[in-house]
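Order of listing sets the numbers, starting from 1, for every ligand and every atom in it. All residue numbers refer to positions in the sequence shown, counting from 1. Everything quoted here is computed from the prediction, not taken from an experiment.
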Amino acid sequence: MALYDKTAHELHELLTTKKISATELTADVFSQIDKMEDKIGAYITLTRDKAEANAKLVDEKIARGEEIFPLEGIPCAIKDNICTKGIKTTCASKILENFIPPYDATVYQKLVAQNSIIVGKANLDEFAMGSSTENSGFHTTHNPHDLERVPGGSSGGSTAAVAGGEAIFALGSDTGGSIRQPASFCGVVGLKPTYGRVSRYGLVAFASSLDQIGPITRDVTDCALVLNAICGHDDMDSTSTAAQVPDFTKSLVADVKGLKIGLPKEYFVKGIDAEIETAVRNVAKKYESLGAEIVEISLPHTEYAIATYYLIAPAEAATNLERYDGVSYGARVDGADVVEMMTNTRTEKFGAEVKRRIMIGNYALSAGYYDAYYLKALKVRTLIQKDFTDAFKNVDLILTPTTPNVAFKIGEMVADPLKMYLQDICTVPVNIAGLPGISVPCGVAKNNLPIGFQLIGKALDEETILKAAFTYEQSL
Ligand code: GLN
């Protein structure tokens, strides 16, 4: 197996035993990038020189006989809505096409502190709005499993990089499924931590009450390692939790005996492909055979999740995106006066989906409609949260499909935004409730495209998620 196809923990072993060097490993990943990037298009910016220089430093450290961090010398991709000082951070938007942040996101700093090798900034749907990466202002990313299909979104560049051997692991962000859905489409592991687990400082805001950064990896062990690296309270993010961060690798035990796993009946309905339903039910059977107890549960307000999300997220987005006015930073298109300049800038530089969200959001927030839409959505949000609180009185985990279908063809849904929004049916409730959720591969469909299942946990209980995910993976 090529180095670029291995997991971070395997590579760590090879690095510490001096079987390979970080320089070799980095070169191997870049050779795969040279071969595949034209076809996949996972990246917006590549940072080859920096990566090579950093790999050399890691090798010197190893040569000195010093101990290295678990992710030290491991090449990774960073979603391009995570600020990297001195490296362009575009959010895949023309409005930030030349934006170079003057500061680092906390998560990036944490990876740099581990001496991970940053390969580049990964493509996404503009400002993370989308489910296919087709909304990128620059190019569409292709699914490495079938180049005619989407990788999912919005972290499609990150997941395609990991699936295509163009990075060993990646960071994504998940506001309504943007880590889990593309992870499922690309056959990799993707985890959205509990809201507040990971600092959002330096993550370009889309919907601040929903956004969360998380790992995209080749297996569950790597997921725990990356989570270890990025979690923790941060004074720079007032919503980051002060809760203790456990060592997540301690959860990597294959044992689900006595665990109670709920299957919500609302997630196994018309609209979910039969092949997906069968695959996820087989996962449940597997858990049962390993000693878990499977029970049917109900999350009665699931049918309102999409409507709720597509009011709250655009409302917050409309507010967050006000800052791109051509004045402070980002692109500017001149006009006769200030208002015309702002209008020209936003008209020319925002893509269609971003404009659609801004319009929906401002409409929902406007006087006269606020109560009917935004406030109502907040009330339903509470009901959806309560569904989960009630369910978790009886179960330890909830098992669902991650997506209603496998990766679709590029172009297939662009003309129908509503159909695209329905892609998020299984993932948005988790963000609405602020809970942790993971997507884990569970085989392929008849057309050979990956299928993923989702495990949802109690707030701050990533440990049980990882334990169950690890158990499943080990059983294969
Ligand atoms: N597909 C969802 C949306 O377009 C989720 C995006 C995300 O999680 N960033 O809003």
Side-chain angles (χ1 to χ4, degrees), residues 78-82 91-93 122-137 140-141 150-159 170-186 190-193 195 198 200 203-216 305-321 350-361 364 377 381 402-405 407-408 413-414 416-439 452 454:
I78 309 284
K79 189 176 182 179
D80 207 22
N81 59 351
I82 295 173
C91 292
S93 180
N123 197 20
L124 63 151
D125 288 296
E126 184 175 6
F127 285 102
M129 298 174 192
S131 308
S132 66
T133 323
E134 291 166 295
N135 297 336
S136 167
T140 295
T141 299
V150 303
S154 64
S155 312
S158 297
T159 55
L171 293 186
S173 69
D174 191 314
T175 304
S178 278
I179 289 174
R180 291 159 288 154
Q181 184 256 18
S184 166
F185 277 13
C186 289
L191 179 116
K192 182 200 92 75
Y195 185 78
V198 177
R200 290 184 294 112
L203 169 67
V204 178
F206 162 10
S208 310
S209 78
L210 303 160
D211 298 340
Q212 192 64 190
I213 297 168
I216 292 160
I306 291 279
T308 304
Y309 173 85
Y310 277 98
L311 284 167
I312 293 173
E316 294 185 18
T319 313
N320 276 326
L321 269 57
F350 280 141
E353 183 60 29
V354 171
K355 287 179 190 158
R356 184 178 296 124
R357 306 276 176 121
I358 291 172
M359 285 189 274
I360 295 172
R381 179 177 197 169
T402 307
T403 58
N405 42 258
F408 47 89
M413 288 200 199
V414 278
D416 190 346
L418 204 56
K419 211 167 156 191
M420 191 72 97
Y421 296 171
L422 286 169
Q423 283 294 309
D424 306 330
I425 182 67
C426 304
T427 47
V428 292
V430 181
N431 303 73
I432 290 173
L435 301 173
I438 197 171
S439 180
Q454 174 174 243

Please name the residue in the list Thr402, Asp174, Thr427 that meets the side chain to side chain donor-acceptor pair (under 3.5 Å) test with Arg180. Asp174
Quick check: does any side chain N or O of Thr133 sit under 3.5 Å from a backbone N or O of Gly152, one acting as donor and the other as acceptor? yes
Can you find an N/O atom of Ser173 closer than 3.5 Å to an N/O atom of ligand 1? no
So, does Ala313 sit close enough to ligand 1 that a heavy atom of it is under 4.0 Å from the ligand? no
Can you tell me which portion of Tyr421 lies within the under-4.0 Å heavy-atom range of ligand 1? Options are side chain, backbone, both, or neither. neither
Hydrogens and angles aside, do Gln181 and Thr403 bring a side-chain donor and acceptor to less than 3.5 Å of each other? no
Using distance alone, determine whether Met129 and ligand 1 share an N or O pair under 3.5 Å. no
Could you check which of Ser178, Gly176, Gly153 puts a non-hydrogen atom nearest to atom 9 (N) of ligand 1? Ser178
Per-atom contacts, ligand 1 versus Gly130 - under 4.0 Å to a heavy atom: 1 (N), 2 (C), 3 (C), 4 (O), 6 (C)
Donor-acceptor check, side chain of Asp125 to backbone of Ala128, threshold 3.5 angstrom: yes or no? no
Can you classify the ring geometry of Phe206 versus Tyr309 as parallel (below 30°), tilted (30 to 60°) or perpendicular (above 60°)? perpendicular
Note: ligand 1 atoms sitting under 4.0 Å from heavy atoms of Phe206 are 9 (N), 10 (O)
In terms of heavy-atom contacts, does NZ of Lys355 have more than 12 from other residues, nucleotides or ligands at under 6.0 Å? yes
Going by the atom numbers of ligand 1, which of them fall below 4.0 Å from some non-hydrogen atom of Ala128? 6 (C), 7 (C), 9 (N)
What is the closest protein heavy atom to atom 3 (C) of ligand 1, and at what distance does it sit? Tyr310 OH, 3.2 Å
Are any of the N or O atoms of Ser131 closer than 3.5 Å to those of ligand 1? yes
Would you sort out whether Arg357 and Phe350 count as a side-chain contact (heavy atoms from CB on, under 4.5 Å), showing the intermediate values? CA-CA 11 Å; Arg357 306 276 176 121; Phe350 280 141; over 6 Å; no
Arg357, portion touching ligand 1 at heavy-atom distance under 4.0 Å: side chain
Do the side chain of Thr319 and the main chain of Ala315 share a donor and acceptor less than 3.5 angstrom apart? yes
Short version for Ser154: what comes under 4.0 Å of ligand 1, heavy atoms counted, is side chain
Between Lys79 and Ser155, does any side-chain donor sit less than 3.5 Å from a side-chain acceptor? yes
Heavy-atom side-chain contact between Leu321 and Met129 under 4.5 Å: yes
Is there a polar contact between ligand 1 and Asp174, counting only N or O atoms under 3.5 Å apart? no
Of all protein heavy atoms, the one nearest atom 5 (C) of ligand 1 is Tyr309 OH, 3.3 Å
For atom 2 (C) of ligand 1, what is the nearest protein heavy atom, given as residue, atom name and distance? Asp424 OD2, 3.1 Å
